[in-house]
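Whatever order the structure lists ligands and atoms in, that order sets their numbers, starting from 1. Every value quoted in this text rests on a predicted model; they were computed, and no experiment measured them.
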Amino acid sequence: MTAPAAPAEAELNARFEAVVAAQERIEPRDWMPEGYRRTLIRQIAQHAHSEIIGMQPEGNWISRAPSLRRKAILLAKVQDEAGHGLYLYSAAETLGADRADLTRRLISGAQKYSSIFNYPTLSYADVGTIGWLVDGAAICNQVPLCRGSYGPYSRAMIRICKEESFHQRQGYELLMTMMRGTDAQRAMVQDSVNRFWWPSLMMFGPPDTDSPNTAQSMAWGIKRHTNDELRQRFVDMTVPQAEALGVTLPDPDLAWNPERGSYDFGEPDWAELRAVISGNGPCNAQRLAHRRRAHEDGAWVREAAAAFAARAAGEEAP
Ligand code: BYC
């Protein structure tokens, strides 16, 4: 008896399309188009790299936190980012990517990470602003990813989003505390918001008219909304929070539009985003140099773990 013939690619593709159309999940052992696999590895790897590089701007302030309580909160948050990076690298591995290879691509500059982490953190208010605006933007972008079509990525996003919500609240609470403080503290918060507002809007990516990946990623259920839709959602969510906080968002064009039921807002500087993405932001060189150094400093740990695993495997062999 001969084995049944493997289904032809057209049939496999039809099954894949049906799962995506029904908003069900594609799992690692399922057949998937090569472009789908490549796009997911690209996005998940960039996302993982962002979490890992994203530890640096806030990590900068751990040793200078103003109180034990603030230090404990910040340490926990930065450790959470490391955890998010690890879940995401694991999700990329289910697609056949190799984590050591992804790290090599990050430190050689071959793969991207979020533009936002290439801006400096100049005061402790930046810890609050990153929590409020950067994690707020991350939540807007990532909650829909919990409904993405690839099982391991969407499941990782559920836990990540829960932790991001805590991160956002701690940032907002820190800023609220500073706003109830002295004039100098209020000025620090306003200065920080002025510096982070536009880069936060850029986190959502280029405008839809200039986003080469959106259409295909939406057709595959990798993205559920366009960059501009999520940016608008973020602005609508954030303006009332800024009012409650008592800070001014640095955009003269920001105004409620009753016809659209949304806020109108100004155009981010897309030339700046392009420059930061292509490696020329204020801190790109510093962030990558720091990550490279940490990787080299950790070589002995990787070697020791590999030697231990090899010895344990040898001992267990009959
Ligand atoms: N920065 O066609 P597009 C966090 C790239 S972690 C850098 O619209 P796509 C957190 C884009 O990759 C935040 N690059 O792309 C961590 C593409 O490049 P390639 C990270 C950007 O993928 C610690 C090209 O520009 N979040 O929140 O459809 C502490 C064209 O763009 C950026 C994620 O990674 C950017 N801002 O959409 C606190 C979420 N924007 O590869 C917080 C998952 C665009 O074609 N990722 N590019 O050469 C996504 O949702 C999507 O990948 C994006 C971009 C919306 C970011």
Between the side chains of [X] and [Y], does any donor sit under 3.5 Å from an acceptor?
| X | Y | result |
| --- | --- | --- |
| Thr94 | Tyr150 | yes |
| Ser192 | Thr129 | yes |
| Tyr113 | His47 | no |

With a 6.0 Å cut-off on the ring centroids, do Tyr89 and His49 count as close?
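When the ring centroids of Tyr89 and His49 are compared, they turn out to be within the sub-6.0 Å range.
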Nearest heavy-atom pair of Gly221 and Val20: which atoms, and what distance?
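For Gly221 versus Val20, the nearest heavy atoms are N-CG1, 4.3 Å.
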Could you pull out the N/O contacts under 3.5 angstrom between ligand 1 and the surrounding protein atoms?
| residue | atom | partner | partner atom | Å |
| --- | --- | --- | --- | --- |
| ligand 1 | 1 (N) | Ser115 | N | 2.8 |
| ligand 1 | 1 (N) | Ser115 | OG | 3.4 |
| ligand 1 | 2 (O) | Ser211 | OG | 3.1 |
| ligand 1 | 2 (O) | Pro212 | N | 3.3 |
| ligand 1 | 2 (O) | Asn213 | N | 3.0 |
| ligand 1 | 2 (O) | Asn213 | ND2 | 3.0 |
| ligand 1 | 8 (O) | Ser211 | OG | 2.7 |
| ligand 1 | 8 (O) | Asn227 | ND2 | 2.8 |
| ligand 1 | 12 (O) | Arg42 | NH1 | 3.4 |
| ligand 1 | 12 (O) | Gln46 | OE1 | 2.7 |
| ligand 1 | 12 (O) | Gln46 | NE2 | 3.3 |
| ligand 1 | 15 (O) | Asn213 | ND2 | 3.3 |
| ligand 1 | 18 (O) | Lys112 | NZ | 3.4 |
| ligand 1 | 22 (O) | Arg42 | NH1 | 3.1 |
| ligand 1 | 22 (O) | Arg42 | NH2 | 3.3 |
| ligand 1 | 28 (O) | Lys223 | NZ | 2.7 |
| ligand 1 | 36 (N) | Ser115 | OG | 3.0 |
| ligand 1 | 36 (N) | Met202 | O | 3.2 |
| ligand 1 | 36 (N) | Met203 | O | 3.4 |
| ligand 1 | 37 (O) | Lys223 | NZ | 3.0 |
| ligand 1 | 41 (O) | Arg42 | NH1 | 3.2 |
| ligand 1 | 41 (O) | Gln46 | NE2 | 2.9 |
| ligand 1 | 45 (O) | Asn213 | ND2 | 3.1 |
| ligand 1 | 48 (O) | Lys112 | NZ | 2.4 |
| ligand 1 | 50 (O) | Asn141 | ND2 | 3.0 |

Can you name the salt bridge (Lys or Arg N to Asp or Glu O under 4.0 Å) partners of Arg29, sequence neighbours left out?
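For Arg29 there are no salt bridge (Lys or Arg N to Asp or Glu O under 4.0 Å) partners, ignoring immediate neighbours.
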